[in-house]
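See structure below.
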Amino acid sequence: MKKVIVIAGATATGKSAFGLRLAHALNTEIISGDSIQVYRDLNIGSAKLSFDEMEGILHHCIDTRDLSERYSVYDFQQEARAAIADIHDQGKIPILVGGTGLYLKAVLFDYDFTEEENEIPSSDESNETLYARLLDLDPESAKSIHPNNRKRVLRALEIAKSGELKSEREAKQLKKPIYDVTMVVLDVPREILDERIQRRVQTMIENGLEEEVRRCFEYPKTREYQSFQGIGYKEWKEYLESKATLSQTIEAIVIHTRQFAKRQITWFKHQCDATWVNALDPIALDQLEKQILAWATQEETQ
RNA sequence: GGUUCUGUAGCUCAGUUGGUAGAGCAAUGGACUGAAAAUCCAUGUGUCGUCGGUUCAAUUCCGACCGGAACCA
């Protein structure tokens with residue numbers, strides 16, 4: 001199996017910096033595992049590295065979509081795997097850096113998405129009615145989806161329409177990585193992370209986040225885009241409509257970012273087999289780098 | 001100084017015609033296979049401002065005091 005390095009963790013834990021460090025040491029390229037950084041004009045609010053900050057390291061899966069476009073795990077799986085293959089062909093070990101847990105897992109594991117229309121399933125039926133139908137069509141999947149989780153119920157019904165059930169599709173998977181993966185989760189104690197988030201948002205404001213938002217989402221129609229769902233963007237809706245103050249907007253961004261970080265931590269804790277490292281401990285990071293470099297030079301396993 | 005409001009969960013506020021109280025947000029934990037920075041689930045004891053009075057019983061009624069707001073001087 002080919003090797004892949006993964007640097008994961010909550011927002012504001014220093015993933016990008018550590019990823020760059022490894023990329024230099026291994027003379028390789030980085031693949032961003034992030035659902036918002038794929039959008040071309042979302043720079044400040046998505047905490048995207050600037051061209052200079054990339055320090056000459058090639059970054060994949062960034063700036064690949066226009067604000068009006070939809071994007072999904074499927075797209076990411078295709079494009080990230082293509083980039084991985086390309087880097088492997090150069091005899092290098094790709095580094096996947098990102099905080100979108102599902103995206104990382106879908107690339108590394110044998111998640112199976114068949115080619116299909118990327119449409120948002122919609123319905124005006126009640127949650128109860130939809131769930132009842134799912135119970136009938138795919139009881140196995142229904143068991144693991146809460147009736148109120150309309151999005152998931154609709155998706156499972158959508159899959160069932162194709163003839164194959166969601167539960168059947170997943171049962172065929174081995175649920176094992178398709179690469180030889182070394183995965184690291186960068187960890188920062190919650191209280192400190194909260195402060196870092198506060199500061200980071202403040203910096204975004206100073207760097208002109210409001211201007212970026214106005215430029216990208218000036219027209220109300222654009223605020224229906226998937227890209228507008230990003231934290232740091234959607235919070236400006238009320239502000240742009242003169243229904244909220246600047247400080248309320250900033251506060252909302254901070255709160256949403258913290259809640260997001262919490263969800264990310266929960267995901268990585270339970271969904272992934274990874275080495276957790278205190279990102280604030282320079283000695284631990286040095287050791288980690290050495291370990292990864294040593295692992296990188298080992299023979300490929302079968 | 002006077003009048004009228006007001007003080008209940010971290011925040012904004014309901015409520016109890018007197019039997020010690022509950023929403024939203026926040027917070028905490030969790031789920032997660034095509035929107036995932038999304039979506040969803042679970043968790044609510046707090047001297048009901050302080051001190052007195054009435055009462056079998058006061059957060060609820062009465063008084064004083066201490067905060068806050070508005071208006072009048």
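Convention: sequence-line order gives letters A, B, ...; per-chain numbering from 1. Keep in mind it's a predicted model, so treat the numbers as computed, not measured.
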Heavy-atom donor-acceptor pair, Thr13(A) side chain to Val188(A) backbone, under 3.5 Å: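 Between the backbone of Val188(A) and the side chain of Thr13(A) there is no qualifying donor-acceptor contact (under 3.5 Å).
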Side-chain donor or acceptor of Lys105(A) paired with backbone N/O of Gln271(A) under 3.5 Å: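 Checking the backbone N and O of Gln271(A) against the side chain of Lys105(A), a donor-acceptor pair under 3.5 Å is found.
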Run through RNA chain B and report every stem of 3 or more consecutive Watson-Crick or G-U pairs, distances under 3.5 Å, ordered by first number.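 Output for stems: B:1-7 with B:66-72, B:10-13 with B:22-25, B:27-31 with B:39-43, B:49-53 with B:61-65.
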Report the nucleotide, chosen from [options], that has the shortest atom-to-atom distance to any side-chain atom of [X].
| X | options | value |
| --- | --- | --- |
| Ile36(A) | rA35(B), rU33(B), rA37(B) | rA37(B) |
| Asn149(A) | rA35(B), rU39(B), rA36(B) | rU39(B) |
| Gln259(A) | rA27(B), rA31(B), rA36(B) | rA27(B) |
| Asp34(A) | rU39(B), rA37(B), rC41(B) | rA37(B) |
| Trp267(A) | rA27(B), rA36(B), rA37(B) | rA36(B) |
| Glu170(A) | rA35(B), rU33(B), rA36(B) | rU33(B) |
| Leu102(A) | rC40(B), rA36(B), rA37(B) | rA36(B) |
| Thr266(A) | rC32(B), rA37(B), rC40(B) | rC32(B) |

Take atom NZ of Lys3(A) as the centre, draw a 6.0 Å sphere, and report whether it contains more than 12 heavy atoms from other residues, nucleotides or ligands.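 Counting neighbours around NZ of Lys3(A), more than 12 heavy atoms of other residues, nucleotides or ligands fall under 6.0 Å, so yes.
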So, OP1 or OP2 of [N]: does either fall under 4.0 Å of a side-chain N or O from [X]?
| X | N | answer |
| --- | --- | --- |
| Lys166(A) | rU33(B) | yes |
| His270(A) | rA31(B) | yes |
| Asn148(A) | rC41(B) | yes |
| Arg190(A) | rU28(B) | yes |
| Gln229(A) | rA36(B) | no |
| Lys262(A) | rG29(B) | yes |
| Gln226(A) | rA36(B) | yes |
| Arg152(A) | rU33(B) | yes |
| Tyr71(A) | rA35(B) | no |
| Thr100(A) | rA36(B) | no |

For [Y], is there an ion pair with [X] - N to carboxylate O distance below 4.0 angstrom?
| X | Y | answer |
| --- | --- | --- |
| Lys166(A) | Glu170(A) | yes |
| Lys221(A) | Glu224(A) | no |
| Glu168(A) | Lys172(A) | no |
| Glu158(A) | Lys161(A) | yes |

What residue among Val181(A), Val6(A), Ile178(A), Leu96(A) forms side chain to side chain contact (heavy atoms under 4.5 Å, CB included) with Val107(A)?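 Of all the options given, the one that passes is Leu96(A).
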Just checking [X]: base, sugar-phosphate only, or nothing, at a heavy-atom cut-off of under 4.0 Å?
| X | answer |
| --- | --- |
| Arg258(A) | nothing |
| Gln173(A) | base |
| Lys269(A) | sugar-phosphate |

[X] has an atom [atom1]; how far is it from atom [atom2] of [N], in whole Å?
| X | N | atom1 | atom2 | result |
| --- | --- | --- | --- | --- |
| Tyr111(A) | rA36(B) | OH | C1' | 11 Å |
| Arg263(A) | rC41(B) | CZ | C1' | 13 Å |
| Ile253(A) | rA37(B) | CD1 | P | 16 Å |

Scan Phe217(A), Trp236(A), Tyr219(A) and name whichever one has a ring-ring contact (aromatic ring centres under 6.0 Å, His included) with Phe228(A).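 In the set Phe217(A), Trp236(A), Tyr219(A), the residue that makes a ring-ring contact (aromatic ring centres under 6.0 Å, His included) with Phe228(A) is Phe217(A).
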